[in-house]
Amino acid sequence: MAKKGSSKAKAAPVKKVSKADPLFPSRPRSFGVGGNIRPAGRDLSRFVRWPKYVRIQRQRAVLYQRLKVPPSINQFTKSIGKNEAASVFNLLNKYRPETAAAKKQRIKDTAAATAAGKEAPAKVPCQLKFGLKHVTTLVEEKKASLVLIACDVDPLELVLWLPALCRKMEVPFLIVKDKARLGTLVHQKTAAVVALTKVNKEDESQLKIFQDLGNEKFNKNTELLRKWGGGIMGLKTQAKLDKRAKAVAIEEAKKAASMR
């Protein structure tokens with residue numbers, strides 16, 4: 001300890017000032033609210049912890065790719081093309097069933113006309129039929145002219161047997177995307193299957209085109225009934241199998257060269 005009145009005092013510690021490198025200046029970033037913006041175009045989705053239902057959906061999609069899928073299930077991945085679907089839905093839009101309000105009004109008008117002794121209004125025009133049991137009955141009785149089945153019905157077992165029934169009864173059918181689009185046609189949220197029984201005279205030629213399309217692509221397509229799906233491996237596994245195949249090919253070439 002220094003004595004009282006001593007002229008010597010403790011020297012303050014000298015701070016070392018580091019010189020900034022002019023070639024590599026420090027640029028600290030703040031990624032908080034109102035700070036720096038992350039670089040555009042960088043995909044950070046792999047750092048996101050997705051909800052459980054999203055992870056299950058993606059795992060299921062990958063699993064369906066890996067597994068070998070039998071032909072009866074694999075056929076639901078072969079839906080008709082975008083242009084063909086647009087033409088089919090344009091035709092079906094003309095035959096949308098009447099709404100509940102329209103049906104109620106029609107019944108009222110019919111009752112009022114009958115009570116007044118006048119001629120009753122025209123009967124219900126040609127319209128789409130929906131409902132799995134109803135369409136099944138129409139197919140069994142061969143009253144359906146064209147059947148449309150959604151490719152994304154869950155569970156698939158609800159409609160899995162329907163293509164086989166259509167083939168047996170020789171009723172043309174098409175597999176289309178998606179059940180919500182079919183539901184819109186019949187004023188429902190979703191619809192697994194819809195069917196046309198008859199159309200107006202001016203649309204008969206167009207219906208015949210779609211019937212031929214169904215027969216060609218689905219009803220009489222024997223390859224579709226034999227082709228298994230799935231069995232698609234990941235990129236790493238594919239690269240490993242390609243590498244192994246190349247090594248085997250090199251060995252075979254060496255053996256063939258030595259035999260000469």
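All figures in this text were calculated on a predicted structure; none of them were measured in a lab. Heavy-atom basis, side chains included; hydrogens, waters and symmetry copies ignored.
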Backbone N/O of [Y] and side chain of [X]: donor-acceptor pair under 3.5 Å:
{"X": "Gln211", "Y": "Ser145", "answer": "yes"}
{"X": "Thr136", "Y": "Leu132", "answer": "yes"}
{"X": "Gln75", "Y": "Ser72", "answer": "yes"}
{"X": "Asn200", "Y": "Glu202", "answer": "no"}
{"X": "His187", "Y": "Pro97", "answer": "yes"}
{"X": "Arg66", "Y": "Ile232", "answer": "yes"}
{"X": "Asn74", "Y": "Pro70", "answer": "no"}
{"X": "Arg167", "Y": "Phe218", "answer": "yes"}

Following the transitive rule for hydrophobic clusters with a side-chain heavy-atom cut-off under 4.5 Å over Ile, Leu, Val, Met, Phe, Trp and Tyr, establish whether [X] and [Y] coincide in one cluster.
{"X": "Val62", "Y": "Ile73", "result": "no"}
{"X": "Leu174", "Y": "Met169", "result": "yes"}
{"X": "Met233", "Y": "Leu67", "result": "no"}
{"X": "Val48", "Y": "Val54", "result": "yes"}
{"X": "Val186", "Y": "Ile175", "result": "yes"}

Could you walk me through whether Lys94 and Asp203 pass salt bridge (charged side-chain N to carboxylate O under 4.0 Å, His left out), step by step? CA-CA 10 Å; Lys94 299 178 184 178; Asp203 293 324; 3.2 Å; yes
Starting from the C-alpha separation in whole Å, work towards a yes-or-no answer on salt bridge (charged side-chain N to carboxylate O under 4.0 Å, His left out) for Glu204 and Lys198. CA-CA 8 Å; Glu204 284 180 355; Lys198 57 183 178 178; over 6 Å; no
Got [X] and [Y] here, is their nearest side-chain heavy-atom distance under 4.5 Å?
{"X": "Leu92", "Y": "Leu196", "answer": "yes"}
{"X": "Glu140", "Y": "Leu165", "answer": "yes"}
{"X": "Tyr64", "Y": "Val69", "answer": "no"}
{"X": "Pro71", "Y": "Arg226", "answer": "no"}
{"X": "Cys151", "Y": "Thr77", "answer": "no"}
{"X": "Glu84", "Y": "Lys217", "answer": "yes"}
{"X": "Leu148", "Y": "Leu146", "answer": "yes"}
{"X": "Leu185", "Y": "Tyr95", "answer": "no"}

Nearest-0.5 Å distance, [atom1] of residue [X] to [atom2] of residue [Y]:
{"X": "Asp152", "Y": "Arg181", "atom1": "CG", "atom2": "CZ", "value": "12.0 Å"}
{"X": "Phe173", "Y": "Asn215", "atom1": "CZ", "atom2": "CG", "value": "9.5 Å"}
{"X": "Arg60", "Y": "Gln65", "atom1": "CZ", "atom2": "CD", "value": "13.0 Å"}
{"X": "Leu158", "Y": "Lys179", "atom1": "CG", "atom2": "NZ", "value": "9.0 Å"}
{"X": "Phe47", "Y": "Arg42", "atom1": "CZ", "atom2": "CZ", "value": "6.0 Å"}
{"X": "Tyr53", "Y": "Arg58", "atom1": "OH", "atom2": "CZ", "value": "9.5 Å"}

Any chance the side chains of Gln238 and Asp242 put a donor and an acceptor closer than 3.5 Å? no
Of the non-hydrogen atoms in Leu182 and Ala192, which two are nearest, and what is the gap between them?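 What the structure gives for the nearest pair is CD1-O, 3.9 Å.
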Residue pair Ala191 / Ala150: nearest heavy atoms and the distance that separates them: O-CB, 4.0 Å
Any chance you could lay out the side chain to side chain contact (heavy atoms under 4.5 Å, CB included) test for Thr99 and Lys103, step after step, and finish with the verdict? CA-CA 6 Å; Thr99 60; Lys103 184 178 179 181; over 6 Å; no
Does the pair Asn219 and Glu170 meet the rule for a side chain to side chain contact (heavy atoms under 4.5 Å, CB included), with working shown? CA-CA 8 Å; Asn219 286 64; Glu170 297 180 351; 5.9 Å; no
Counting heavy atoms not belonging to Leu235, are there more than 12 under 6.0 Å from its CG?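 Count not over threshold, so no.
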Identify the residue among Leu162, Val147, Val135 that makes a side-chain contact (heavy atoms from CB on, under 4.5 Å) with Val171.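 Result for side-chain contact (heavy atoms from CB on, under 4.5 Å) with Val171: Val147.
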For the pair Val153 and Phe76, evaluate side chain to side chain contact (heavy atoms under 4.5 Å, CB included) and give the outcome as yes or no after the intermediate values. CA-CA 10 Å; Val153 178; Phe76 285 91; over 6 Å; no
Derivation of the side chain to side chain contact (heavy atoms under 4.5 Å, CB included) call for Lys129 and Leu138: CA-CA 9 Å; Lys129 310 295 182 183; Leu138 293 174; 3.6 Å; yes
